[in-house]
Asks: 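Sharing a structure here in structure tokens format.
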Amino acid sequence: MRKQIAAANWKMNLTYQQGTALLQTLVSAEIKLKENHVAVFAVPFPYLEMAIDTVHHKYNYFISAQNCSDKKSGAFTGEVSAEMLKSLNVTYCLVGHSERREYFREGNQMLAEKINLCLANEITPIFCCGEALQTRDIDQQNTFVEQQLRESLFHLSEEALLKIVIAYEPIWAIGTGKTASTEQAQEMHAHIRSVLQNQYGAPAAEQISILYGGSVKANNARELFASKDVDGGLVGGASLIATEFIEIIKALK
Ligand code: PGA
């Protein structure tokens with residue numbers, strides 16, 4: 001059964017004290033996760049160890065980094081390697097969030113390197129893809145996303161691909177309060193699955209969790225997650241508010 005995942009992306013928000021308090025509230029909340037339900041928290045690097053300590057006793061709660069270097073190790077001041085993340089027991093890592101692509105010029109090739117390093121260090125990459133508004137306006141979103149998948153993932157063996165989570169995040173819906181409609185999300189998720197199916201076959205494509213991201217809130221999560229090919233969400237703003245994120249976790253199908 002495919003994993004259904006509620007992933008929090010804190011981005012560059014919250015002090016250490018605020019982050020600790022938020023995680024403690026979430027850990028003590030009464031939430032019964034099913035076997036295939038997972039809650040993931042992508043926290044800033046300096047909070048990883050605290051976050052792992054705080055959630056480690058909680059069933060199916062895991063910690064993610066928000067990024068990692070595309071280099072293995074060496075003279076890259078300020079960078080954090082996948083191997084370092086592994087040495088802290090980090091389970092997941094976001095790769096290719098649109099903010100990294102846009103503000104830090106991360107391209108599909110570089111992201112392929114990050115994916116390889118995550119997998120080599122037994123970290124599950126959450127690979128983010130998604131189109132800008134201009135691309136959707138000219139109805140090129142399907143080809144655009146297909147190219148992102150092709151250039152960053154298609155060098156992988158089937159076995160490696162099965163270790164990946166995909167997050168579809170239309171850039172026009174991130175932090176804007178504009179959510180893709182349930183139909184738009186389902187349509188793109190089905191497209192992503194068919195692209196994977198063409199390359200790797202149906203059994204592999206059926207096993208990959210595809211999350212939706214972009215203004216997911218407590219009041220729209222249930223409807224979005226109900227779609228056949230939407231396996232949970234990657235949540236920015238609403239993941240900073242305990243009551244919101246608790247409802248989002250509870251909305252997993
Ligand atoms: P948002 O961010 O929920 O604030 O739109 C989502 C994301 O960027 O992962």
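The analysis underlying the following values was restricted to heavy atoms, covering all of them including side chains, and did not include hydrogens, waters or symmetry mates. First listed ligand is number 1; within each ligand, the first listed atom is number 1.
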Asks: Taking only heavy atoms of N9 into account, list the atoms of ligand 1 that are under 4.0 Å away from them.
Replies: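 Within the 4.0 Å cut-off of N9, ligand 1 contributes 9 (O).
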Asks: What atoms of ligand 1 come within less than 4.0 Å of a heavy atom belonging to H97?
Replies: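 Numbered from 1, ligand 1 contributes 7 (C), 8 (O), 9 (O).
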Asks: Just jot down the ligand 1 atoms closer than 4.0 angstrom to any heavy atom of S215, in number order.
Replies: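 Per the distance check, 1 (P), 3 (O), 5 (O).
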Asks: Would you please determine whether S98 falls within less than 4.0 Å of ligand 1 on a heavy-atom basis?
Replies: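 No, S98 has no heavy atom closer than 4.0 Å to ligand 1.
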Asks: Hey, which atoms in ligand 1 end up nearer than 4.0 Å to a heavy atom of L234?
Replies: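 Result: 6 (C), 9 (O).
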Asks: Parallel under 30°, tilted from 30 to 60°, perpendicular over 60°: which one fits the rings of F41 and Y61?
Replies: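 Tilted: the ring planes of F41 and Y61 meet at 30° to 60°.
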Asks: For G214 and ligand 1, answer yes if some heavy atom of the residue is under 4.0 Å from a ligand atom, otherwise no.
Replies: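 Judged by the 4.0 Å heavy-atom criterion, G214 does count as contacting ligand 1.
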Asks: For ligand 1 and G236, I'd like to know whether there is a polar contact (N/O to N/O, distance under 3.5 Å).
Replies: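 Such a contact does occur with ligand 1.
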Asks: For G175, take its heavy atoms, then give the atoms of ligand 1 lying under 4.0 Å from any of them.
Replies: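 Heavy-atom distances to G175 below 4.0 Å select 1 (P), 4 (O), 5 (O).
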Asks: Provide the number and element of each atom of ligand 1 under 4.0 Å from a heavy atom of G237.
Replies: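 Those of ligand 1 that fall under 4.0 Å from G237 are 1 (P), 3 (O), 4 (O).
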Asks: Using modelled atom types and a 3.5 Å cut-off, is there a donor and acceptor pairing between side-chain atoms of R101 and backbone atoms of E106?
Replies: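 No; zero donor-acceptor contacts below 3.5 Å.
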Asks: Can you see whether F104 has R100 sitting over its ring - NZ or CZ less than 6.0 Å from the centre and within 45° of the normal?
Replies: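 Yes, a cation-pi geometry holds between R100 and F104.
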Asks: Decide yes or no for H97 and K11: does some side-chain heavy atom of the first lie under 4.5 Å from some side-chain heavy atom of the second?
Replies: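 Side-chain contact under 4.5 Å: yes.
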Asks: Any nitrogen or oxygen of I174, side chain or backbone, less than 3.5 Å from one on ligand 1?
Replies: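 By distance alone, the answer is no.
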Asks: Can we say D70 and K114 salt-bridge, meaning some charged N sits less than 4.0 Å from an Asp/Glu carboxylate O?
Replies: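 Here D70 does not pair with K114 in a salt bridge, since their nearest N and O are not under 4.0 Å apart.
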Asks: What residue and atom, counting heavy atoms only, is the protein's closest point to atom 7 (C) of ligand 1, and at what distance?
Replies: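 Answer, as residue, atom name and distance: E169 OE2, 3.1 Å.
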Asks: Against heavy atoms of A173, which atoms of ligand 1 measure under 4.0 Å?
Replies: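 Ligand 1 atoms under the 4.0 Å threshold to A173: 5 (O).
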Asks: Using distance alone, decide if ligand 1 has a nitrogen or oxygen within less than 3.5 Å of any nitrogen or oxygen in K11.
Replies: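 Yes: some nitrogen or oxygen of K11 is under 3.5 Å from one in ligand 1.
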Asks: Please report the interatomic distance CD(E158) to NZ(K163), rounded to the nearest 0.5 Å.
Replies: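 Reported to 0.5 Å precision, the distance equals 11.5 Å.
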Asks: Should the pair K253 and F225 be classed as cation-pi, given the thresholds of under 6.0 Å to the six-membered ring centre and 45° from the axis?
Replies: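 Judged by the rule (NZ or CZ under 6.0 Å from the ring centre, within 45° of its axis), K253 is not positioned above F225.
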Asks: Less than 4.0 angstrom from a charged side-chain N to a carboxylate O is my criterion; do K72 and E83 meet it?
Replies: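 No.
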Asks: Among L211, I166, V230, which residue meets the side chain to side chain contact (heavy atoms under 4.5 Å, CB included) test with H189?
Replies: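 Running side chain to side chain contact (heavy atoms under 4.5 Å, CB included) over L211, I166, V230 with H189 returns exactly one hit, V230.
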